[in-house]
Number of protein chains: 4
Amino acid sequence: MEAILDAVVRILKRQGVDAVTTNRIAEVAGVSVGSVYQYFPDKGAIFVALHDRHAEQMGRLVDKAVVEHAGAPAEEMIAALVDALVDAHARDPELFALLDAEVPHRAGGERALETHLRNALRLALAPRSRDLERTLFVVPVLVDALAHAAALHRPARMSLEAAKREAGRAIRAYLRVTS
Amino acid sequence: MEAILDAVVRILKRQGVDAVTTNRIAEVAGVSVGSVYQYFPDKGAIFVALHDRHAEQMGRLVDKAVVEHAGAPAEEMIAALVDALVDAHARDPELFALLDAEVPHRAGGERALETHLRNALRLALAPRSRDLERTLFVVPVLVDALAHAAALHRPARMSLEAAKREAGRAIRAYLRVTS
Amino acid sequence: MEAILDAVVRILKRQGVDAVTTNRIAEVAGVSVGSVYQYFPDKGAIFVALHDRHAEQMGRLVDKAVVEHAGAPAEEMIAALVDALVDAHARDPELFALLDAEVPHRAGGERALETHLRNALRLALAPRSRDLERTLFVVPVLVDALAHAAALHRPARMSLEAAKREAGRAIRAYLRVTS
Amino acid sequence: MEAILDAVVRILKRQGVDAVTTNRIAEVAGVSVGSVYQYFPDKGAIFVALHDRHAEQMGRLVDKAVVEHAGAPAEEMIAALVDALVDAHARDPELFALLDAEVPHRAGGERALETHLRNALRLALAPRSRDLERTLFVVPVLVDALAHAAALHRPARMSLEAAKREAGRAIRAYLRVTS
DNA sequence: CATGAATGAGTGTTCATTCAT
DNA sequence: AATGAATGAACACTCATTCAT
């Protein structure tokens, strides 16, 4: 299963989505097509699983940061969050850009990372905000968007660290006005 | 050409990406397949054109807001920007979610809206910021992400207006710390 | 009409039969598709006309040789015939090989050159042969096959002149046994 | 594979080249289109294989005649050659005419029969000729052309046997002058 | 469980042909 | 007569999926 998803990733990076056929997946994974269908009902499920796997990896990072900064000020936790997410995406920007742009998302089932962030932050932000609802709407969007941008779309002249720092400033600025 | 893109949109909304075949496009557009190929070299080009058209429409909105608030404070201009973009996307959220999730983007050629915003804001923000580079990195990301979120992914209990307002607050907060 | 056939020849040589489309013919000939259809009922007719034109050109060569050697011994006439045909084909071997191999012949309507040769030789050979029928069967076949072979398929080490001479010897040898 | 080529032959004879579509081939061969593509990379390859198969069949006949008349005079061997080739083509003249006229040859890769003949005859003719090169150029051309003509294009009034005999005479006459 | 040959519905695309101008 | 945009039937080919071994 992991092997299959890894095969998809390899094909995706080497030749693009259009080269991702079930037969090629099997070949690259070193199994037979039949075996691919033992684990996934159809091709769509493979893409879903790929997105899910990524979401879970990011989710684990989020949980870890939340747990590790349970007592600390929200700003610190968020800085850690941004840090972890940016690093994770920066490890293979090409892949994550591809995942976003080319691999179909089946609209609606998504926003997994934002949702996860929202849930994870609910507790951490509860005491801070007069209107939790609105804060929990904005912060995950900022974290997700800025982390992606920092890792994948920052200007050529800006370092990863500088981008992280600026992302942190933006989120902190918002949190401050949400007293 | 417009008719063809409109046909794609219609099929997309009614039956999803997989139903978008060149023959069906022709049928829905009321022309022959051959004519579709008179205007587009292949199916991929149709999707590209669809994304481009959307980007241009948003670009025009951006330009309009920038021009109309040329003398006004940046905050106001940005509020107008968010307003216009949110309204534009809110007019047909389903479509824009689809466009984002299912219609392949050909990774890399993208971020059109952010880029346009960046260029449009360069002048408006020039006097404000000590480090224009970083501001021009963050603001377009915030505008784009919050506008999309407000229009397409806001919590069920939050009104469009409330989402816009909150988006505005977040961006304003960042601009304030970027003296 | 000539222009159209010339266009076909040009495309044929530059890009092969598969590139010969009616639209491309029109383009290369410098007219519109509609005009092509003014002169030819359909695409097949163009190929037929091409073969016919070639057959007529060869036919004229045959007639000329026959007329010019009307009084001379048959051997001489045949030598002239082979000479003329070989030269004609050797002028553009590539084209004639293409014409033979790739341009569909519509089986059965063919053997135009052999038939023409047969008719042209009927008189010249009449006095020589006890069985004209058989001679008129063999000689055109020899002339056609050897002329083509000499012009288009002779071994790399053999000169055109040598090939012609050898072709002549073969035909003469046959004529001699056909007293 | 044999089944596929046989299907092509069947369609060719019944409905002509234009009816030879990959789907129809599959249908007539009793397999699926997919299976056709398991054995042949594309449609062109099928035609090539068809020509190749024919060339091999003829080649086997040539080899057999050469072997069986290894010690005998060259005249006899050639008579046997002509005999075998004429009979082979006469068994289904229509098909071989079609193969020649309508099935594209991909110019240049061809003359397979002549080449085979040339190689087969090299040994047999070696002692006879002062100039082997020229003899090996002419004889295969004569054998091929006369065998085809006898089988496929002889005058209506001439029997197969008579045509064979006359072909033999022509070749023998040439061999005699090539002492 | 694994295999991978076989399947065939379905797709993108081409191109001969037409006909209103 | 000439044009060339429009047509759409038809085709080569792919690839997700199955199932007998």
Side-chain angles (χ1 to χ4, degrees), chain A residues 1 3-4 8 11 17-27 29-47, chain B residues 1 3-4 8 11 17-27 29-47, chain C residues 1 3-4 8 11 17-27 29-47, chain D residues 1 3-4 8 11 17-27 29-47:
Chain A
M1 285 232 348
I4 289 167
V8 176
I11 300 164
V17 232
D18 293 351
V20 180
T21 69
T22 50
N23 283 286
R24 184 121 182 69
I25 292 170
E27 182 188 325
V31 298
S32 67
V33 227
S35 294
V36 172
Y37 278 86
Q38 211 93 46
Y39 296 107
F40 297 97
D42 59 32
K43 197 192 177 186
I46 299 176
F47 285 147
Chain B
M1 283 231 351
I4 288 167
V8 175
I11 301 164
V17 232
D18 294 349
V20 180
T21 69
T22 50
N23 282 289
R24 183 119 183 70
I25 292 171
E27 183 188 323
V31 298
S32 67
V33 225
S35 294
V36 172
Y37 279 87
Q38 209 116 44
Y39 295 108
F40 298 97
D42 58 31
K43 198 191 175 186
I46 299 176
F47 285 146
Chain C
M1 285 233 348
I4 289 167
V8 175
I11 300 164
V17 233
D18 293 351
V20 180
T21 69
T22 49
N23 283 286
R24 184 121 182 70
I25 292 170
E27 182 189 325
V31 298
S32 68
V33 228
S35 294
V36 172
Y37 278 86
Q38 210 93 48
Y39 295 108
F40 298 97
D42 58 32
K43 196 192 178 187
I46 299 176
F47 285 147
Chain D
M1 286 228 349
I4 289 166
V8 175
I11 300 163
V17 234
D18 293 350
V20 180
T21 70
T22 51
N23 283 289
R24 184 121 182 70
I25 291 170
E27 182 188 324
V31 297
S32 66
V33 225
S35 293
V36 172
Y37 280 87
Q38 209 118 44
Y39 295 108
F40 298 97
D42 58 31
K43 198 190 176 186
I46 299 176
F47 285 147

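To find a chain, count down the sequence lines: A is the first, B the second, and so on, and within it residues start at 1. The structure displayed is predicted, hence computed values, not measured ones.
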Of the listed nucleotides [options], the one nearest the side chain of [X]:
X: A/Asp42; options: E/dT7, F/dT17, F/dT7; value: F/dT17
X: A/Tyr37; options: F/dA6, F/dA16, E/dT13; value: F/dA16
X: D/Val33; options: E/dT14, E/dG8, F/dG4; value: E/dG8

Give a yes/no answer on whether the side chain of [X] brings an N or O atom under 4.0 Å of OP1 or OP2 in [N].
X: D/Thr22; N: F/dA12; answer: yes
X: C/Ser32; N: F/dG4; answer: no
X: A/Ser35; N: E/dT3; answer: yes

Taking any heavy-atom pair under 4.0 Å as a contact, classify [X]: base, sugar-phosphate, or nothing.
X: B/Asn23; value: base
X: B/Thr21; value: sugar-phosphate
X: A/Phe40; value: nothing

* **Qualifying residue for side chain to side chain contact (heavy atoms under 4.5 Å, CB included) with D/Ile25, from D/Ile46, D/Val31, D/Val33** => D/Ile46
Gap between atoms [atom1] and [atom2], on [X] and [N] respectively (whole Å):
X: B/Glu27; N: F/dG8; atom1: CD; atom2: P; result: 12 Å
X: D/Lys43; N: F/dT14; atom1: NZ; atom2: C1'; result: 17 Å
X: C/Asp18; N: F/dA12; atom1: CG; atom2: P; result: 11 Å
X: B/Tyr39; N: F/dT7; atom1: OH; atom2: P; result: 9 Å
X: A/Ile25; N: E/dA2; atom1: CD1; atom2: C1'; result: 17 Å
X: B/Arg24; N: F/dG8; atom1: CZ; atom2: P; result: 16 Å
X: A/Gln38; N: E/dG4; atom1: CD; atom2: C1'; result: 13 Å

* Structure fact -> Comparing C/Gly34 with D/Gly30, nearest DNA chain E nucleotide closer to 5' gives the residue D/Gly30
* Can you tell me the Watson-Crick or wobble partner of E/dT21, both distances under 3.5 angstrom? -> F/dA2
